[in-house]
Structure formats: structure tokens, C-alpha cells
Q: 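Before we start, here is the structure in question, set down as C-alpha cells.
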Amino acid sequence: MSYKWRNTSVKIVLVLFVVCIMLFAFSFVNHTSYTGKSFAEAYDLPIGQSMFAGDSVLDDKPPVEVPLLSNPSFIVHEISTLDLKGILMTLTTGYVPFDFTSIASEGIDSYGNAYGFEGPGYLTLNGDKLAVKAPDNYIWGYSSPYKVLTKTESGVDVVENGTVIQSVPTSQIKDLPFKNDFYNATSIVNWYNNDASVGSNFTLQKGIVGFSDGRNNISYDDVERIFGKEVSDYVDAYPAGSPIVLYMGNTTEVVGENYYTYLGSHPEYGDSVREFNARQFVEAWNNTVIPPNCSGNGHDYVSFGSAADASAPGGSAAHGVCPPARALRAAVLGEGFSLPVGMDGSENAVLFGYNPASDIKVTNTHDYPVKIIMWTEGSGTGMAIMAKIIRYVPTDQVNTTNMTTNTTTSQDIGNSST
């Protein structure tokens with residue numbers, strides 16, 4: 001066989017091969033024209049799910065491939081990225097990876113991967129287009145029981161996200177493996193024996209609901225995965241329903257109002273108990289972060305001592321919490337916030353019937369988060385109690401001419417305070 005004939009034969013075989021591929025691909029041509037919304041519905045995309053740069057909008061689903069003949073422009077992104085393996089696969093199979101830029105408005109590359117932002121974005125629909133939105137400067141939500149123990153007639157049910165996953169008889173409650181920094185098996189047994197009635201719940205884990213940007217609610221495990229252990233620990237410490245700042249972008253810390261008071265002496269209530277309670281109040285409120293236009297409270301798992309008081313409901317009260325409450329009250333009023341729920345404007349400050357940690361509510365009316373810092377200096381009746389506000393202002397909005405810092409003695413303090 002001559003060289004010319006062999007060369008011609010090779011060309012004929014190659015042409016036939018290409019024609020066969022084209023005919024094969026054409027036989028499976030799908031003329032479906034997708035929008036972002038219809039694609040999300042067809043492939044059950046996790047709209048509302050948090051995403052980081054590099055994550056696929058398909059989640060763990062296999063790549064989507066479509067016939068090349070009906071989508072010839074889709075090979076362009078393979079060529080532009082020099083995806084030689086992808087080009088070869090397309091030419092030999094007749095199928096090309098779906099080009100997501102055809103149905104996306106922002107934050108999604110041609111292969112369906114999130115890109116172009118830092119922090120936890122989220123998948124959404126922008127009209128009829130898919131989009132992965134970059135995170136807002138602040139993201140917050142509300143903690144909500146995710147896994148709880150529910151007391152039954154014969155023990156407890158372990159309920160996760162509303163579904164009973166295990167029933168535990170009374171004799172085995174002490175062996176339950178649940179614990180964190182704030183409770184353990186002993187805490188659970190004490191709750192079951194002393195505090196709970198049938199139907200009562202003991203919260204084991206909290207997820208996040210009601211996100212400020214509308215993304216999907218998340219489970220307890222996802223709190224740490226998406227927002228980190230520091231946020232997860234904060235969620236553990238605060239009561240269910242607390243507003244939680246989950247993410248802050250480019251912000252500057254600006255020191256706001258700063259007030260102090262003294263414990264003073266009231267031996268009729270026991271100054272040692274008062275000092276203990278004052279320190280517990282400070283512990284409950286120190287490092288509490290309140291999102292913009294939200295009402296926040298101190299953290300859970302703080303106990304207070306009681307002192308006999310004939311004027312108090314039940315004949316006793318947690319004396320000693322009023323001095324730190326006055327310092328906190330002065331700081332938040334100085335910020336322009338309203339009087340906290342559970343307080344009044346008197347010297348005693350904390351109303352009877354309100355838990356000084358979890359029932360008092362401070363409302364942040366700023367458009368940015370604030371942190372409450374509290375600490376003590378010294379000890380005994382002369383112990384100083386400090387309260388300071390930190391403002392987390394967007395860096396591009398910081399104006400040192402109107403962001404002033406005040407350090408003042410709370411004007412309503414007095415040695416007669418309880």
C-alpha cells in the first residue's frame with residue numbers, strides 16, 4: 001500500500017470517527033433551555049446553603065454534562081482554562097460539562113464552583129439566575145434547640161431536629177454520653193430528678209435559625225463547620241433564642257461608653273454573698289455581643305446566691321447584682337439604648353422576678369454589633385465594677401470625630417445600693 005493511500009485512509013477513518021461521534025451525540029441532543037431556577041429545581045440544588053469559595057453548587061452530586069452539539073459554546077470555558085483533559089473527554093464522548101455562567105449572575109464560575117469572595121457566602125436565586133452571594137458585613141441568627149432530651153413517663157426521648165431518635169429508660173439516663181463545658185451526665189440526672197416534669201426539655205445542642213440574610217437554618221454541627229469553634233462555644237453558653245453574631249467582615253473596634261461603680265456594704269444581706277453575686281453578674285454579661293437592632297441577654301449556666309429579704313417575693317433575693325447592673329445600665333443608656341428589660345431607673349436596678357443573667361434584655365439600636373465588656377477590680381465592699389461598650393463599626397464608616405469614648409462614674413451609685 002502506497003504512502004499516499006495510507007495517508008488518505010487515515011484521514012477517512014478520522015472523518016468517519018468524528019461523524020460517528022457527532023451522530024451519536026446528536027441522537028441524545030437535549031434541547032432543554034435552563035434558567036437558574038429551573039436548573040435548581042431539576043437538580044435539587046441546596047438553595048440557601050452556606051458556601052465558601054471553591055465549593056460546588058452541586059454539593060455532592062456528580063458533574064452535569066450535556067451534548068456538545070446542542071451546547072457548542074460550552075466548550076469555550078474548557079479551552080479558555082486549558083482544560084486539556086476536559087477537551088479530550090468532550091471530543092471523544094460528545095458531551096461537555098454544563099457551563100454555569102449561562103445561568104448564573106455572580107459568584108459562580110463555569111464549572112459551578114463558588115468564587116470571588118471571602119467568608120461564608122450562600123447559594124441563592126437572583127431573579128431567574130443562580131448566584132452565590134458574598135457574606136454581608138455582619139451575619140447573625142438566633143440559637144434554637146436542635147437536640148434535646150424530653151422527659152417521658154419512663155425516661156427520656158432523645159429528639160433531634162424534631163424527630164425522636166432514641167428512647168432511654170430512667171435507669172440509663174446516668175449513662176448518657178452528652179456533655180459540654182456547661183453540663184454533663186450529673187446535670188442531666190439532676191434536671192430529670194428535681195426540675196423536669198413529663199414533657200419538659202433539656203437542651204443538648206443548639207442550631208441557628210432566622211439568619212439575617214435569609215440563608216438556610218443550620219444544625220449544631222454546621223455552626224462550628226461554617227462559623228468556627230469560637231462561635232460554637234458562644235452558642236453553647238447562651239440560652240436558646242439568643243441573637244448570635246456569626247460573622248463580621250471588615251470592621252473596626254471603637255470604644256464606646258465606659259462606666260464604673262462600687263459594690264458598697266450591706267451587711268444585713270451578707271457582703272460575701274453580695275460580692276459573689278456581683279461577680280456572677282459580671283461573668284454572665286462579659287463578652288456578650290449583640291447584633292444590630294436586636295435584644296440580647298447574658299449567658300446561661302450562671303447561678304446566684306440568695307439572701308433573706310422580707311420585702312422580696314418569696315422572702316429572699318440575689319442581692320449584690322444591682323451595683324453591676326447599674327454600671328451596665330449606665331453604659332447602654334449612654335449609648336442611646338433604651339432602659340433594659342428587667343431593670344428600672346432606681347438604685348436597686350434589677351426588678352424582682354428577673355434572672356439577672358438570662359432575663360435582662362439589652363437592645364442595641366445601632367446599625368452595627370456591640371460587645372459588652374465587664375470586669376472587676378479589687379475585692380470586698382470596695383470592689384470596683386466596670387462596664388464598657390465596644391462598637392464594631394464598618395471600617396469605611398469610622399469617623400473619629402464622632403466616635404467618642406466616655407469614662408464616667410455611674411451617677412446613680414451610692415453606698416446604700418444592694
Side-chain angles (χ1 to χ4, degrees), residues 25 28-139 141 208 211-219 221-229 231-232 246-250:
F28 290 95
V29 168
N30 183 350
H31 295 284
T32 301
S33 178
Y34 283 114
T35 65
K37 182 177 180 181
S38 64
F39 189 95
E41 292 171 349
Y43 289 92
D44 193 25
L45 299 190
I47 299 298
Q49 178 170 296
S50 297
M51 303 189 72
F52 290 91
D55 290 347
S56 171
V57 300
L58 292 170
D59 202 12
D60 57 357
K61 298 179 181 66
V64 175
E65 296 180 338
V66 295
L68 174 61
L69 287 183
S70 61
N71 303 277
S73 64
F74 282 12
I75 199 173
V76 172
H77 66 91
E78 290 186 315
I79 295 173
S80 64
T81 59
L82 298 178
D83 183 0
L84 300 181
K85 181 179 178 181
I87 294 171
L88 179 61
M89 290 295 294
T90 295
L91 294 178
T92 55
T93 65
Y95 280 80
V96 63
F98 190 87
D99 184 357
F100 283 84
T101 59
S102 66
I103 59 169
S105 63
E106 63 179 291
I108 303 174
D109 69 15
S110 56
Y111 288 96
N113 297 318
Y115 82 103
F117 61 90
E118 295 182 359
Y122 69 103
L123 181 63
T124 188
L125 287 169
N126 187 4
D128 64 352
K129 296 280 191 178
L130 284 176
V132 174
K133 294 284 189 181
D136 294 337
N137 214 27
Y138 313 110
I139 301 173
I208 300 294
F211 277 87
S212 56
D213 57 8
R215 70 181 68 202
N216 288 350
N217 300 339
I218 59 173
S219 68
D221 290 337
D222 280 344
V223 175
E224 181 172 343
R225 181 183 67 82
I226 298 170
F227 298 105
K229 190 173 188 309
V231 171
S232 181
L246 302 153
Y247 171 83
M248 287 192 285
N250 190 19

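Basis for what follows: all heavy atoms, side chains included, without hydrogens, waters or symmetry-related copies. The first residue in the sequence is number 1, and the count goes up from there.
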Q: Which atom names give the shortest non-hydrogen contact between Gly121 and Phe117, and what distance separates them?
A: N-CE1, 3.5 Å
Q: Set out, in order, the CA-CA distance, both residues' side-chain angles and the distance that settles side-chain contact (heavy atoms from CB on, under 4.5 Å) for Ile218 and Phe227, then state yes or no.
A: CA-CA 11 Å; Ile218 59 173; Phe227 298 105; 3.8 Å; yes
Q: Under the side-chain hydrogen bond (donor to acceptor under 3.5 Å, both in side chains) rule, collect the residues that match up with Thr101, sequence neighbours excluded.
A: Asp99
Q: My understanding is that only residues two or more places apart in sequence, or in another chain, count here; which of them pass ring-ring contact (aromatic ring centres under 6.0 Å, His included) with Tyr247?
A: none
Q: Which pairs count as side-chain hydrogen bond (donor to acceptor under 3.5 Å, both in side chains) when at least one residue sits in residues 122-136, sequence neighbours excluded?
A: Ser105-Asn126, Glu106-Lys133
Q: Which side-chain N or O atoms in residues 44-55 pair as donor and acceptor under 3.5 Å with protein atoms at least two apart or in another chain?
A:
{"unit_1": "Ser50", "atom_1": "OG", "unit_2": "Arg215", "atom_2": "NH1", "d": "2.9"}
{"unit_1": "Asp55", "atom_1": "OD2", "unit_2": "Phe52", "atom_2": "N", "d": "2.9"}

Q: State the CD-OG1 distance between Glu41 and Thr35, to the nearest 0.5 angstrom.
A: 7.5 Å
Q: Atom CD1 in Ile139, atom CG in Leu246: separation rounded to 0.5 Å?
A: 7.0 Å
Q: For the pair Asn250 (side chain) and Asn137 (backbone), establish whether a donor and an acceptor sit closer than 3.5 Å, ignoring hydrogens and angles.
A: no
Q: For Glu118, give me all partners under side chain to side chain contact (heavy atoms under 4.5 Å, CB included), at least two apart in sequence or on another chain.
A: none
Q: Identify the two heavy atoms, one from Phe211 and one from Asn217, that lie closest to each other, and give their separation to 0.1 Å.
A: CE1-CA, 4.1 Å
Q: So if I apply the ring-ring contact (aromatic ring centres under 6.0 Å, His included) rule between Phe100 and each of Tyr111, Tyr43, Phe39, which one comes out positive?
A: Phe39
Q: Please report the interatomic distance CG(Asp222) to OG(Ser232), rounded to the nearest 0.5 Å.
A: 10.5 Å
Q: Can you list everything that forms a side-chain hydrogen bond (donor to acceptor under 3.5 Å, both in side chains) with Asp109? Sequence neighbours excluded, please.
A: none
Q: Can you measure from CG (Leu123) to OG (Ser56) and round to the nearest 0.5 angstrom?
A: 9.5 Å
